[in-house]
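Chain naming here is simple, since letters A, B, ... match the order of the sequence lines and numbering starts at 1 in each.
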There are 2 protein chains.
Amino acid sequence: MNAPLPSQLMPKLEPRNAPPELIEALKARFGDRCSVAQAVREQHGRDESPFDVPPPDAVVFAESTEEVAEVVKLANRYAVPVIPFGVGSSLEGHLLAVQGGISIDLSRMNKVLSVNAEDLTVTVQAGVTRTQLNNEIRHTGLFFPIDPGADATIGGMSATRASGTNAVRYGTMRENVLGLTVVTAGGEILRTGTRAKKSSAGYDLTRLFVGSEGTLGVMTEITVRLYPQPEAISAAICSFPTLEGAVRTTIQLIQMGVPIARCELLDTNAVRALNRYDKLTLLEGPMLLMEFHGTPGSVREQAEMVQEIAREHDGQDFEWASTPEERTRLWTARHRALFAALQMKPGCRAVTTDACVPISRLAECLLETAAEADAAGLPYFIVGHVGDGNFHVGYLIDPARPEERELAETLNRQVVSRAIRLEGTCTGEHGIGLHKMDFLLDEAGAGAVALMRSIKQALDPKNIMNPGKIFTWQ
Amino acid sequence: MNAPLPSQLMPKLEPRNAPPELIEALKARFGDRCSVAQAVREQHGRDESPFDVPPPDAVVFAESTEEVAEVVKLANRYAVPVIPFGVGSSLEGHLLAVQGGISIDLSRMNKVLSVNAEDLTVTVQAGVTRTQLNNEIRHTGLFFPIDPGADATIGGMSATRASGTNAVRYGTMRENVLGLTVVTAGGEILRTGTRAKKSSAGYDLTRLFVGSEGTLGVMTEITVRLYPQPEAISAAICSFPTLEGAVRTTIQLIQMGVPIARCELLDTNAVRALNRYDKLTLLEGPMLLMEFHGTPGSVREQAEMVQEIAREHDGQDFEWASTPEERTRLWTARHRALFAALQMKPGCRAVTTDACVPISRLAECLLETAAEADAAGLPYFIVGHVGDGNFHVGYLIDPARPEERELAETLNRQVVSRAIRLEGTCTGEHGIGLHKMDFLLDEAGAGAVALMRSIKQALDPKNIMNPGKIFTWQ
């Protein structure tokens with residue numbers, strides 16, 4: 001346990017642990033809601049990344065924006081790091097307390113504060129999860145489309161600029177967050193944005209905080225856009241003899257402007273894992289999972305266009321999932337792909353890539369990546385929000401075998417280099433965290449990263465907000 | 001000429017004019033492309049706002065990003081302001097050289113650099129106008145939807161986070177700019193974003209610069225999203241007996257999720273002005289101009305739904321504009337509404353509001369505003385991108401009569417207060433400029449504005465980038 005991070009990924013940072021006075025002050029204020037128990041700390045010092053735990057010194061379970069502000073003010077006084085925590089589902093080491101500090105657990109801030117169905121907006125506390133939100137608003141006839149694999153919190157999803165399967169039609173957290181309540185590094189409470197659909201009022205602070213991974217402040221309340229549940233929804237599965245056929249079908253349907261709501265790729269390995277884990281009987285080959293939203297007429301039109309394109313690439317006839325139950329089964333399975341794949345190699349962890357490229361480069365990027373993974377010999381699977389040009393390779397490694405981790409990291413670096421060379425990004429939706437700081441430098445350049453650092457230093461001069469993530473302090 | 005701004009709007013700022021050495025250095029480097037001619041300076045010291053000209057000290061006609069960087073470096077050495085200039089169509093005093101300085105005219109940077117039709121993206125120099133862009137890409141079957149009234153440059157539209165008639169379906173510059181080349185206050189050249197459709201790679205610098213009104217850097221190249229020209233397009237006019245009927249029709253169609261491409265309101269005054277100016281024969285009452293994009297089937301479905309909603313609010317039968325020529329005539333007329341209205345009162349200028357509210361508040365906001373304008377007795381007209389909850393009142397004032405300007409400004413303040421009270425914004429698309437600095441404080445609060453100021457001070461420590469706009473330096 002607590003084995004160090006692989007050396008090339010470990011930021012060389014001084015410990016900045018909470019002094020006893022700070023812990024005492026937090027306990028005096030929050031009582032049982034401030035925990036220093038080893039198990040609680042370890043749970044809050046890890047995420048779904050393959051990194052080992054550096055735990056925070058204490059965990060505070062906050063119940064309001066004002067409480068978050070109190071914790072931050074106290075931490076600020078001692079210049080001790082603060083790390084916001086939702087459900088711990090981030091993938092790039094965002095939550096690791098690399099210099100110690102205080103974890104603020106926001107999971108008790110789980111109220112849907114106001115549903116404005118007439119305006120297609122809702123304001124929630126940061127600890128509300130996407131599933132909870134959709135359950136609570138179902139009666140309004142509206143839904144919130146963003147769905148990363150995990151049942152993440154809206155706060156965590158805002159922090160990593162998350163997307164998921166519906167982003168091809170509905171956009172990501174970037175497009176769907178309208179406004180925020182933020183606790184700054186100084187412990188001040190600010191509001192950004194309004195409930196209006198658009199605005200030209202000054203700097204776009206909302207979008208500066210969205211994707212800032214907790215490094216600029218703690219988002220405690222979030223106003224997001226909702227969408228009417230479509231009149232008609234149809235989901236279809238289409239199997240292809242080759243990965244290339246599935247990818248080229250995707251490229252063509254996007255270029256034609258088909259307003260597809262979901263367009264997900266699973267490679268043969270992912271399909272096989274799902275068959276075993278979810279006891280499905282899917283044809284074990286490359287596959288697109290698609291969903292069409294609209295009026296009955298437009299759903300039919302879209303599906304016919306895509307079926308025609310798929311046939312040109314030797315795709316099979318669509319298999320339909322038209323009832324809500326069938327569709328739920330299908331998308332639940334899709335969201336479990338990572339967990340299903342992990343069962344294929346007992347005790348393994350996954351090193352997951354997150355490349356995103358312009359759609360015209362998707363075939364080149366994805367097929368080269370698959371060939372490289374085949375040649376490397378490590379078990380892997382590919383899933384992708386391919387309608388957005390975004391895909392993930394999960395390399396399954398035995399955490400006890402450093403050479404497997406090294407190999408997976410080498411492959412990851414190659415995927416990232418390829419994506420950047422093809423005018424894409426090192427992360428479509430997972431964020432930078434600890435894992436991709438060097439990749440961000442490659443992608444954005446030293447000048448742009450220096451500009452990000454200037455913003456960080458201006459807004460958080462003591463570097464207390466989730467330090468050591470995205471870029472180095474100096 | 002050069003009458004002072006109304007005192008309550010005039011920032012109290014020290015002159016920071018360019019010293020002779022700087023002008024000489026610019027002339028030595030740029031020759032004839034550096035002008036100090038009175039007429040050129042005055043042209044570059046005004047925009048479409050009702051403010052009088054404070055001209056810059058010199059105008060440099062830049063032809064490349066590197067030249068922009070050279071100008072900025074020189075200005076930085078002397079701590080002299082730099083104001084980027086496109087076509088001068090901004091509306092809130094963005095271009096006024098309130099402390100003197102150098103205007104960088106980007107209109108010669110008018111090349112479409114690379115069309116990536118397969119990815120639905122294009123990269124342009126900042127001086128390309130929206131009409132030029134659409135003309136140059138027409139053969140690809142794609143189009144760029146954002147259309148503020150004026151034929152603005154893509155750089156200017158990025159700087160003010162512009163939108164226009166298509167934003168209800170396609171979003172604003174916020175959603176449609178993918179990446180930028182930026183010259184920073186230090187004269188460094190940076191790139192932000194990639195051509196991938198989405199990314200979680202670090203702070204969203206692209207969206208920080210979009211809407212920053214030239215105060216953080218000069219955007220010299222812009223990559224934007226394009227869209228396939230719809231298979232079918234139909235435009236329709238629908239007249240209503242009351243403004244309320246038109247507004248309630250809009251609210252209902254948006255709440256039902258109709259993917260309408262354009263939904264524009266003209267009040268009776270605006271329709272009357274267009275009839276005179278464009279020699280049209282529109283029925284002189286409140287009117288919605290609408291456009292539907294999609295397959296022939298979905299266009300028909302959308303139009304039928306909206307016609308049904310309109311009938312419930314006593315809307316007349318749609319009049320169709322189905323040929324490209326009829327549609328062009330209609331939308332050209334719509335875009336000329338401001339100029340048409342100005343003809344209604346010879347020699348007048350318009351004080352234009354730009355409120356945007358959540359759609360459920362639109363009826364209350366717009367109808368109260370119209371009643372207030374009627375009671376005030378100043379000639380006015382209303383046009384609105386009402387599908388977004390955004391509308392403009394133009395109050396027609398005689399610039400020689402200060403009491404008319406005062407009255408118009410009072411009405412503007414009342415519109416803004418109302419919009420903010422109704423959870424909206426003081427500017428949907430025009431920006432803050434000089435005119436709305438106090439309104440931004442009301443809307444965002446002192447804390448959020450202080451945070452914007454911290455960012456400005458970190459990125460532009462000498463305050464040379466379009467100073468005196470959006471917020472005060474201290």
Side-chain angles (χ1 to χ4, degrees), chain A residues 116 118-119 121 160-161 163 167 172 175 188 190-192 194-205 207-208 211-212 227-228 255-257 295 297-298 301 356-360 388-390 423-432 440 443-445 447-448 451-452 454-455 458-459 470, chain B residues 116 118-119 121 160-161 163 167 172 175 188 190-192 194-205 207-208 211-212 227-228 255-257 295 297-298 301 356-360 388-390 423-432 440 443-445 447-448 451-452 454-455 458-459 470:
Chain A
N116 294 91
E118 289 189 316
D119 293 317
T121 71
T160 52
R161 205 181 293 128
S163 49
T172 72
E175 284 80 21
E188 219 188 326
L190 299 182
R191 284 185 178 78
T192 74
T194 70
R195 287 208 305 110
K197 193 177 154 211
K198 64 183 193 181
S199 171
S200 288
Y203 300 167
D204 193 343
L205 297 183
R207 262 142 292 270
L208 179 63
S212 64
Y227 296 83
Q255 289 175 344
M256 287 180 64
T295 61
S298 95
E301 274 185 348
C356 185
V357 292
I359 196 80
S360 70
D388 286 326
N390 184 205
E423 299 183 81
T425 177
C426 64
T427 170
E429 55 182 5
H430 293 171
I432 299 294
L440 178 64
E443 176 178 326
L451 199 149
M452 294 181 199
S454 302
I455 295 169
L459 270 50
I470 306 184
Chain B
N116 294 91
E118 291 189 316
D119 293 316
T121 71
T160 52
R161 207 182 291 129
S163 49
T172 73
E175 285 80 20
E188 219 188 326
L190 298 182
R191 286 186 175 79
T192 75
T194 70
R195 288 208 306 110
K197 193 177 154 212
K198 64 183 192 180
S199 171
S200 288
Y203 299 168
D204 193 343
L205 297 183
R207 261 143 293 271
L208 179 63
S212 64
Y227 296 84
Q255 289 176 344
M256 287 180 64
T295 60
S298 95
E301 273 184 349
C356 184
V357 292
I359 196 81
S360 71
D388 286 326
N390 183 204
E423 298 183 83
T425 176
C426 64
T427 171
E429 54 182 6
H430 293 171
I432 300 294
L440 178 63
E443 176 178 325
L451 199 148
M452 294 181 199
S454 302
I455 295 170
L459 270 51
I470 307 185

Quiz item: What pairs with A:D388 under salt bridge (Lys or Arg N to Asp or Glu O under 4.0 Å), at least two apart in sequence or on another chain?
Solution: B:K197, B:K198
Quiz item: Where on B:I432 is there a heavy atom nearer than 4.5 Å to chain A: the side chain, the backbone, both, or neither?
Solution: both
Quiz item: Where is the tightest heavy-atom contact between B:G424 and A:A196, given as atom of each residue plus distance?
Solution: CA-CB, 4.1 Å
Quiz item: Which bit of A:E301 comes within less than 4.5 Å of chain B, counting heavy atoms only: side chain, backbone, both or neither?
Solution: side chain
Self-check item: Under 4.5 Å from any heavy atom of chain B - which part of A:R207
Solution: both
Quiz prompt | Point-to-point distance, once rounded to the nearest 0.5 Å, from CG of B:L440 to OG of A:S200 | solution = 11.5 Å
Self-check item: Side-chain touch A:S454/B:L459, heavy atoms, less than 4.5 angstrom
Solution: yes
Quiz item: Where on B:N390 is there a heavy atom nearer than 4.5 Å to chain A: the side chain, the backbone, both, or neither?
Solution: side chain
Practice problem: Over all heavy atoms of both residues, which pair between B:S199 and A:T425 is shortest? Give the atoms and the distance, please. | Solution: OG-OG1, 2.9 Å
Self-check item: B:Q255, part contacting chain A, at a heavy-atom distance under 4.5 Å
Solution: both
Exercise. Could you pull out all residues at least two apart from A:R161 that satisfy salt bridge (Lys or Arg N to Asp or Glu O under 4.0 Å)?
Key: none
Quiz prompt | B:L451 and A:Y203, any side-chain heavy atoms less than 4.5 Å apart | solution = no
Quiz item: What part of A:L205 is in contact with chain B, defined as an atom under 4.5 angstrom from a non-hydrogen atom: side chain, backbone, both or neither?
Solution: side chain
Self-check item: Contact class of A:E443 relative to chain B, heavy atoms under 4.5 angstrom
Solution: side chain
Quiz item: Hey, which of A:G257, A:G389, A:G447, A:G211 has the most heavy atom pairs under 4.5 Å with chain B?
Solution: A:G447
Quiz item: Who among A:A448, A:S298, A:A458 has the most heavy-atom pairs with chain B under 4.5 Å?
Solution: A:A448
Quiz item: Quick one: of A:A167, A:G445, A:C356, A:G297, who has the most non-hydrogen atom pairs under 4.5 Å with chain B?
Solution: A:C356
Quiz item: Given that the side chain runs from C-beta out, which part of A:A444 has a heavy atom under 4.5 Å from chain B: side chain, backbone, both or neither?
Solution: backbone
Quiz prompt | Student check: side-chain heavy atoms of B:L208 and A:I455 closer than 4.5 Å | solution = yes
Quiz item: Can you say whether A:I359 sits under 4.5 Å from chain B via the side chain, the backbone, both, or neither, judging by heavy atoms?
Solution: both
